[in-house]
Amino acid sequence: MVFLASAPVEATRSALPCQNAGSERLERSLPTTSAKRFAACCQTIAKRWWTWRTSGPAEALGGEQRRDPWIPDSLKEAENVGITDPDVLEAVRFYRESQYRHPNSTNRLLFVSYGSMLSFDASSLVPELLTQPLQVIVGGRRGTTGQYESGQRLFDLSSSSEKDFMVVEGAGHYDMYYKPEYVGKAIDRLAAFYARNLNPNLPDISLH
């Protein structure tokens, strides 16, 4: 199995209007380096929950489903609301303003999905199920996305007897999407990984 870290849900049980076992599992699985951003995100969700709670369950009465943005729709919008986190700005730049933006992306999340996301524990079955060969690749510049920590946790929890953790030094999370100087290193490692574990007769696709 190959894992290239991607964005996790960030929220915290302490800021929510209710507490449950699912949110406790999620909180335990979070990297401590993301704690502040985690808490801020959860405070936002709590405020949104309260807005919904006090305005009445419009959706339950047949109203239009509420959809909230994942990230600001533009760098200008991010600036207007005072966002300065470099990783958030890089996400907006990549997903909303770059050539890689997908034309069908709405950048919207159903409001009713927050509960399911917060109670979901992606790591709970890793020790039992992730027994295959595993290659984890993360960017070395950790930032605030929590992706380095997510990759490390997956690596640590896996019971595979053949696993490898590769750090691409200097790369941020979004750099690993498209910058050749970083992606090339990951591809070289993946080519060797697949050659060992899938088919020893595969052609050499190394970029270096």
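Nothing here was measured: the structure is a model prediction, and the numbers come from that model. All values below come from the heavy atoms of this structure, side chains included, with hydrogens, waters and symmetry mates left out.
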Report yes if some heavy atom in the side chain of [X] is under 4.5 Å from a heavy atom in the side chain of [Y]; otherwise report no.
X	Y	answer
E90	H173	no
L134	E162	no
V136	D164	no
M176	V168	yes
M117	L109	yes
S74	E97	yes
Y148	V167	yes
K163	Q135	no

Interatomic spacing from OG in S113 to CZ in R67 - rounded to 0.5 Å =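 Spacing of OG (S113) from CZ (R67) equals 9.0 Å.
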task = Any chance you could measure D188, atom CG, to K185, atom NZ, to the nearest 0.5 Å?
result = 10.0 Å
query = Will you find, in the side chains of Y174 and Y100, an N or O donor that is under 3.5 Å from an N or O acceptor?
reply = no
ask   = With a 3.5 Å cut-off and no angle check, do the side chains of D87 and T144 form a donor-acceptor pair?
value =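 D87 vs T144: donor-acceptor pair found between side chains.
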request  = Would you check if the distance from the ring center of Y178 to the ring center of F94 is below 6.0 Å?
outcome  =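 So the answer is yes for these two rings.
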Joint cluster assignment, [X] & [Y], ILVMFWY side-chain distance < 4.5 Å:
X	Y	answer
L198	L190	yes
V81	L89	yes
L75	I71	yes

inquiry  = Just to verify, what does R108 make a salt bridge (Lys or Arg N to Asp or Glu O under 4.0 Å) with, not counting sequence neighbours?
reply    = D73
request  = Just do the side chain to side chain contact (heavy atoms under 4.5 Å, CB included) check on S160 and Q132 with the steps written out, would you?
outcome  = CA-CA 6 Å; S160 173; Q132 308 91 337; 5.9 Å; no
task = Take F165 and I137, measure what side chain to side chain contact (heavy atoms under 4.5 Å, CB included) needs, and give me the verdict at the end.
result = CA-CA 6 Å; F165 187 84; I137 303 175; over 6 Å; no
For [X] and [Y], indicate whether the former's side chain and the latter's backbone hold a donor-acceptor pair under 3.5 Å.
X	Y	value
S158	L130	yes
S159	P127	yes
S105	H102	no

Can you name the closest pair of heavy atoms from [X] and [Y] and give their distance?
X	Y	value
K179	D175	NZ-OD1, 2.9 Å
P72	I83	CG-CD1, 3.5 Å
G151	V138	CA-CG1, 4.1 Å

request  = Could you tell me which residues satisfy side chain to side chain donor-acceptor pair (under 3.5 Å) with D156, sequence neighbours excluded, listed by chain and number?
outcome  =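 D156 satisfies side chain to side chain donor-acceptor pair (under 3.5 Å) with Q152 once adjacent residues are dropped.
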key: Test side chain to side chain donor-acceptor pair (under 3.5 Å) applied to T106 - qualifying residues, sequence neighbours left out   = none
message = Taking R141 first and then E169, would you say they form a salt bridge - that is, a charged N and a carboxylate O separated by under 4.0 Å?
response = no
